[in-house]
Amino acid sequence: MKKNCDQDSQLSKQIVKWYLKNGRSNLPWRKNVTAYRVWISEIMLQQTQVKTVIPFYKKFISRYPNLKALSSANEEEILALWTGLGFYRRAINIYKAKEIILSDFKNRFPKSFDDIVRLPGIGESTAGAIMSIAYQIPYPILDANVKRVISRYESVDNDSTHKSNKKLWGLSNKHTPRKNIFSYTQGIMDLGATICHNSKPNCGVCPLQDDCKSAFKVIKSKKETKKQNPTKKINFVLARSNCSFLLFKKLEESFWEGLWTPLELDPNHPLPWKDDIETIEEINIKHKLSHLNLDIKINIYEYEKVFKLKTNEKYKWVNKSNIDKFGMPKPIKSIIEKL
DNA sequence: TAAACGTGGAA
DNA sequence: TTTCCAAGTTT
């Protein structure tokens, strides 16, 4: 994916110039740039807005400032830092990748695109971003910002089809400059995020306005089929004793896999532990995932003392003061914090 | 290859 | 309120 034209494109030059003056240079991952820090930020930023990522990034880097610090982490610790950020497979893939970096690369972040793109959780675009930003070796990227900026600039479809993505990869490659790759890569994303918005782009202040083929006319994406997500009813039972809560690690599920939640149990099914119930409280919440609408009911049972279970499932009594040490879905953590 | 994968910001 | 969708990758 290296460019082969003789000169950097006009678009790239305009973006570099704009970035140096108007870029968001105070983002935490743009300081002390290392491959490790770029990697963590790029993973967190996948399908996630900058504003959401910042506190998670700071917390993660503060706990694991470099590869050496991360190398001794276990999966649970990484998941715990991911709680609330979503797409938890990303955290598991960070764990897997650091194990590979330790075993295959002597705990040094790999330098070549081919090695980087083979790491779990890193695809074409993230690998390109790491090469361009951390090592300043030109590679194209294709995130939502680049797609939007380039599709408008060139007036081509941006409808998430295979055909359109392929076309956009080609154009991204064409516009990726040989000079100033750091500023270009950051700049095109900043431009997409701060000026070339999805709705109501601020074309009047855009550095590309003279050449942009879609200036002042927003290309609508054509997604006709907007089928609704199915709703799934979930019944949880949550045993509690003072400040300890009985949680189970979810396995082989279509959502929240690897996270700690109360036990999922059919409404008419008896409790799999002693049912000399002290008190009951029922909590109902609705929660949207990317592909499901969850209708959650949690029945809470209060016990004098914690007890052991006869079960093959992985469970723990987690004290409220320790919930930060476990990977948990946002709504479950919120409920326990309020109890 | 289309669907799976979380959460919250913004209009 | 609802709907869209964001620094994508994996299977």
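Below, chains carry the letters A, B, ... as their sequence lines are ordered, and counting in each starts from 1.
Listed by chain and number, the residues in a salt bridge (Lys or Arg N to Asp or Glu O under 4.0 Å) with A:Glu282 are A:Lys297 (sequence neighbours excluded).
Per the geometry, CG belonging to A:Asn293 stands 12 Å off C1' belonging to B:dG6, to the nearest Å. We find that CD of A:Gln228 is positioned 15 Å from P of B:dA4, with the value rounded to whole Å. The CZ-C1' distance, from A:Arg90 to C:dG8, rounds to 9 Å in whole Å. Atom-to-atom, NZ of A:Lys166 to C1' of B:dT1 comes out at 15 Å; the value is rounded to the nearest Å. Distance CE (A:Met328) to C1' (B:dT7): 16 Å, rounded to an integer number of Å. For the pair A:Asp143 CG and C:dA7 P, the computed distance is 6 Å after rounding to whole Å. The distance from atom CG of A:Asn229 to atom P of C:dC4 is 10 Å, rounded to the nearest whole Å. Rounded to a whole Å, the CD1 atom of A:Ile94 is 15 Å from the P atom of C:dG8.
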Every protein N/O within reach of nucleotides 9-11 of chain B N/O, cut-off under 3.5 Å:
unit_1 : atom_1 : unit_2  : atom_2 : d
B:dG9  : O4'    : A:Gln49 : OE1    : 3.4

List every contact pair, protein side and nucleotides 9-11 of chain C side both N or O, where the distance is under 3.5 Å.
unit_1 : atom_1 : unit_2   : atom_2 : d
C:dT9  : OP1    : A:Gly123 : N      : 2.8
C:dT9  : OP1    : A:Gly123 : O      : 3.3
C:dT9  : OP1    : A:Thr126 : N      : 3.0
C:dT9  : OP1    : A:Thr126 : OG1    : 2.9
C:dT10 : OP1    : A:Gly121 : N      : 2.6

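The separation of B:dG8 from C:dT1, taken at their C1' atoms, amounts to 16 Å, rounded to a whole angstrom. For the P atoms, the distance linking C:dA7 with B:dA11 amounts to 14 Å, nearest Å. To the nearest whole angstrom, the two C1' atoms, one in C:dA6 and one in B:dT1, are 23 Å apart. Taking atom C1' in both B:dT7 and C:dT11, the straight-line distance is 23 Å, to the nearest Å.
Here the side chain of A:Lys320 pairs a donor or acceptor atom with the backbone of A:Leu339 at under 3.5 angstrom. Looking at A:Trp317, its side chain does come within 3.5 Å of a backbone N or O of A:Phe307 through a donor-acceptor pair.
Using a 4.0 Å cut-off between a side-chain N of Lys or Arg and a carboxylate O of Asp or Glu, A:Arg24 and A:Asp190 qualify as a salt bridge. A salt bridge links A:Glu76 to A:Lys249: one of the charged nitrogens lies within less than 4.0 Å of a carboxylate oxygen.
The only option from A:Ile298, A:Asp266, A:Ile300, A:Leu271 that meets the side chain to side chain contact (heavy atoms under 4.5 Å, CB included) definition with A:Val237 turns out to be A:Leu271. A salt bridge (charged side-chain N to carboxylate O under 4.0 Å, His left out) with A:Asp295 holds for exactly one of A:Lys288, A:Lys232, A:Lys286; it is A:Lys286. Just one of A:Thr48, A:Ile122, A:Asn93 meets the side chain to side chain contact (heavy atoms under 4.5 Å, CB included) condition when paired with A:Ile43; it is A:Ile122.
A:Val50 comes within 4.0 angstrom of a nucleotide base, judged by non-hydrogen atoms across all strands. At a threshold of 4.0 angstrom between heavy atoms, the contacts of A:Ile188 with the nucleic acid are absent. In this structure, A:Ala144 reaches the sugar-phosphate backbone alone: every heavy-atom distance under 4.0 Å involves primed, P, OP1 or OP2 atoms, never a base. Looking at heavy-atom distances under 4.0 Å, A:Phe87 makes contact with a base. Using a 4.0 Å heavy-atom criterion, one finds that A:Gly84 contacts the sugar-phosphate atoms exclusively.
Of the residues near DNA chain C, A:Arg24 and A:Lys288, the one whose nearest nucleotide (by heavy atom distance) lies more toward the 5' end is A:Lys288. Mapping A:Gln47 and A:His162 onto DNA chain B by nearest heavy atom places A:His162 at the nucleotide closer to the 5' end.
Relative to the six-membered ring of A:Tyr315, A:Lys308 misses at least one condition, a distance below 6.0 Å or an angle of at most 45° to the axis.
A sub-4.0 Å separation between OP1 or OP2 of C:dA6 and a side-chain N or O of A:Arg148 is present. Side-chain nitrogen and oxygen atoms of A:His287 include at least one within less than 4.0 Å of the OP1 or OP2 phosphate oxygen of B:dT7.
For A:Thr48 and B:dG8, a side-chain-to-base donor-acceptor distance below 3.5 Å is absent, hydrogens and geometry of angles not being considered.
Residues of residues 29-41 of chain A having a heavy atom closer than 4.0 Å to DNA chain C, listed by number: A:Trp29, A:Arg30. Of the residues in residues 329-337 of chain A, those with a non-hydrogen atom less than 4.0 angstrom from any atom of DNA chain B are A:Pro329, A:Lys330, A:Pro331.
Between A:Arg30 and A:Gln186, the side chains place a donor N or O and an acceptor N or O closer than 3.5 Å (distance only, hydrogens not considered). A donor atom on one side chain and an acceptor atom on the other are not found under 3.5 Å apart for A:Asp143 and A:Ser125. Of the N and O atoms on the side chains of A:Asn145 and A:Arg148, at least one donor lies less than 3.5 Å from an acceptor on the other residue.
Under the 4.5 Å side-chain contact rule for hydrophobic residues, A:Ile100 and A:Leu102 do not share a cluster.
Residue pairs meeting the salt bridge (Lys or Arg N to Asp or Glu O under 4.0 Å) criterion with at least one partner in residues 328-339 of chain A, sequence neighbours excluded, are A:Asp324-A:Lys333.
Minimum heavy-atom separation, A:Ser172 to A:Ile150: CA-CD1, 3.7 Å.
The aromatic rings of A:Phe182 and A:Tyr19 lie perpendicular to each other, with more than 60° between the two planes, well past the 30° mark.
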